[in-house]
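To start, the structure itself, in structure tokens.
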Amino acid sequence: MSLPLPDSDALAASHALQQLIAAEIEQQGGAIAFSRFMELALYAPRLGYYSGGAAKLGSDGDFTTAPEITPLFGQALARAAAAIIAQSAPNIIEFGAGTGKLARDVLTALAQQGVQVDSYTIIELSGELRARQQEALKDFPQVRWLDGFPEAYSGVVLANEVLDAMPIELVVKTADGWRRQMVTVEDGRFAYVQEELDAALLEQLARQVPAADALPEGYLTELHPVACGFMASLARMFDGENGGKGAAFLFDYGFPAHEYYVDQRVGGTLMCHYRHHAHPEPFYLPGLQDITAHVDFTAMALAAQDAGLEVLGYMNQASFLLGCGIGELLLRTDPEDALRYLPQSKAVQKLLSPAEMGELFKVLVVGRDVELPEAIVRADRSHRL
């Protein structure tokens, strides 16, 4: 594996995080769950990937998200948000707001539509990204930052590429049944060992992977208890007994269960992102790379329903954006003005093309006591969950 080398400061930070993880492994008797390794690698104070100071997004970072590609993504999403605000309350919460570009684009578009937003709350774990957001959004006085869920809420929730970065459990099917992947230290390096699944993970496996017994020996996959817990927390936030209502729009790459747990995906979906290189090695330079897994949207929808929310819609990103009128928004730029139109057209093509982000990225909408606009509902594929 040939990847760009970090500078000396970044390398020192990664070594410090490796020592922190190794110390916890020793304290826990020689092994920790992969989910805990991933949590430390991404979120350990000052050293984790999202809590450290390195750039994550854009040309200097490790990956690019839809809001970074074109403001038309945020403008299209603002149309759906306006419809939910009209049925609930003029509030928006965004989880993991990146550089703040989506917030700026959504707020700007809503203002142009004459939609007032009383509060735009960002829940952000990355100190580096929070600083960038505060600079990008300094002209929007309704923006504030919180460290966790509010107790009760009505309005809109946005989460773009949030679920995929939540710690996952790795499980593998062996001759003796399903086993949990644990992380240990061997010869000074992180390595995998296995242990039996506890009752909670056995229950999660049975619910999330209903055809687990039919999968071949050696099959490795992910369980998503943290992301399922996040969906339950959304439901508690939209507490109907306290009058809470609204909708959460969750954008991410992934599949429904019947497409996720198939024989050809024998190695799972775990992937790491470092300087715009994708690779499958989570133990490479902890703290300097993103670690992600595809989202099981069936598991997310079931977790939301179990906690009391309604699945309002599920579709690919292309269908959602087209339902929000992104084509019409693009044509606000004169096609004869090639210098301005062609870059925007190319960006929209990237968002919509099945070969790019249009099919792999999905949108799950869950909520309480609200309805999506008919143009979006027409694209609903929640029957495929």
Side-chain angles (χ1 to χ4, degrees), residues 43 50 65-67 73-111 113 115-127 129-130 132-134 136-137 140-166 226-240 242-252 295 300 303-304 307-313 320 324 363-370 372:
Y43 303 111
Y50 283 108
T65 62
F73 179 84
Q75 291 171 23
L77 181 53
R79 290 186 164 189
I84 301 303
I85 286 173
Q87 302 170 66
S88 56
N91 306 312
I92 299 175
I93 290 177
E94 184 179 358
F95 288 89
T99 63
K101 191 173 186 306
L102 179 59
R104 189 177 68 221
D105 292 341
V106 167
L107 284 168
T108 300
L110 287 172
Q113 295 177 48
V115 177
Q116 177 179 329
V117 177
D118 290 346
S119 69
Y120 194 112
T121 302
I122 294 175
I123 299 176
E124 179 60 67
L125 298 177
S126 167
L129 289 175
R130 183 181 288 205
R132 293 178 70 177
Q133 294 159 12
Q134 289 170 338
L137 299 167
F140 296 89
Q142 67 271 63
V143 178
R144 60 175 184 156
W145 283 260
L146 289 179
D147 294 326
F149 286 83
E151 290 187 8
Y153 179 73
S154 288
V156 173
V157 172
L158 307 178
N160 183 60
E161 294 196 55
V162 171
L163 294 172
D164 68 89
M166 293 184 179
V226 174
C228 288
F230 174 83
M231 301 302 292
S233 295
L234 283 180
R236 286 192 294 271
M237 190 177 74
F238 285 120
D239 183 358
N242 292 324
K245 59 182 179 178
F249 297 83
L250 302 118
F251 296 77
D252 232 309
V295 175
M300 299 305 107
L309 291 183
E310 179 185 355
V311 174
L312 302 176
F320 177 84
C324 290
V363 187
L364 176 65
V365 189
V366 297
R368 189 193 303 276
D369 296 332
V370 293
L372 289 174

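Quick note: numbers below take in every heavy atom, side chains included, and nothing from hydrogens, waters or symmetry partners.
Counting heavy atoms from C-beta on, the side chains of L309 and L234 come closer than 4.5 Å. Using a 4.5 Å heavy-atom cutoff, the side chains of I92 and Q142 are not in contact. Using a 4.5 Å heavy-atom cutoff, the side chains of V366 and M231 are in contact. Within the 4.5 Å cutoff, the side chain of N91 has no heavy atoms near those of the V156 side chain. Using a 4.5 Å heavy-atom threshold, the side chains of L312 and L364 count as separate. Between D147 and I123 there is no side-chain heavy-atom pair separated by less than 4.5 Å. Two residues are said to be in side-chain contact when any heavy atoms from C-beta on lie closer than 4.5 Å; L250 and M300 fail this criterion. Between L77 and N160, every side-chain heavy-atom pair lies at or beyond the 4.5 Å cut-off.
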Query raised in the report: Given the rule in the side chain to side chain contact (heavy atoms under 4.5 Å, CB included) test, do L372 and I84 qualify, once you have shown the distances and angles that lead to the verdict?
Result: CA-CA 7 Å; L372 289 174; I84 301 303; 4.3 Å; yes
Requested in this report: List the steps and the verdict of side chain to side chain contact (heavy atoms under 4.5 Å, CB included) for V157 and M237.
Outcome: CA-CA 10 Å; V157 172; M237 190 177 74; 3.5 Å; yes
Query - Derivation of the side chain to side chain contact (heavy atoms under 4.5 Å, CB included) call for F95 and E124 - result: CA-CA 6 Å; F95 288 89; E124 179 60 67; over 6 Å; no
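Between Y120 and F140, the gap from one ring centroid to the other reaches at least 6.0 Å. Within the 6.0 Å centre-distance limit, the rings of F73 and F251 are counted as a close aromatic pair. For F230 and F149, the ring centers sit closer than 6.0 Å to each other.
Considering every non-hydrogen atom in both S88 and G155, the closest pair reads OG-CA, 3.5 Å. In terms of heavy atoms, A80 sits closest to C324 at CB-SG, 4.0 Å. Pairing each heavy atom of E161 with each of A66, the nearest pair is OE2-N, 4.5 Å. Between A78 and V106, the shortest heavy-atom distance links the atoms CB-O, 3.9 Å. Nearest heavy atoms, V370 versus Q87: CA-OE1, 3.4 Å. In plain terms, the two heavy atoms of L163 and A227 that are nearest each other are CD2-CB, 4.1 Å.
Of the possible donor and acceptor atoms, one in the side chain of S126 sits under 3.5 Å from a partner among the backbone N and O of Y50. Looking only at distances, a side-chain donor or acceptor of Q133 sits under 3.5 Å from a matching main-chain atom of G98. At least one donor-acceptor pair closer than 3.5 Å links the side chain of D252 to the backbone N or O of V162. Using modelled atom types, one side-chain atom of R368 and one backbone atom of F238 make a donor-acceptor pair closer than 3.5 Å.
In this model, no donor atom of one side chain and acceptor atom of the other lie less than 3.5 Å apart for W145 and Q134.
Legend: residues meeting side chain to side chain contact (heavy atoms under 4.5 Å, CB included) with V115, ordered by chain and number and at least two apart, are A82, I85, L110, Q113. The salt bridge (Lys or Arg N to Asp or Glu O under 4.0 Å) test applied to R144 returns no partner, not counting sequence neighbours. Among residues two or more places apart in sequence or in another chain, the salt bridge (Lys or Arg N to Asp or Glu O under 4.0 Å) test is passed with D105 by K101.
In this structure, OH in Y153 is found 4.5 Å from CD1 in I93, a value given to the nearest 0.5 Å. Within the model, atoms CG of L158 and OG1 of T121 stand 11.0 Å from one another, a figure rounded to the nearest 0.5 Å. A distance of 5.0 Å separates CD1 in I122 from CG in L137, rounded to the nearest 0.5 Å.
We find that K245 and D239 are not joined by a salt bridge, their nearest charged nitrogen and carboxylate oxygen being 4.0 Å or further apart.
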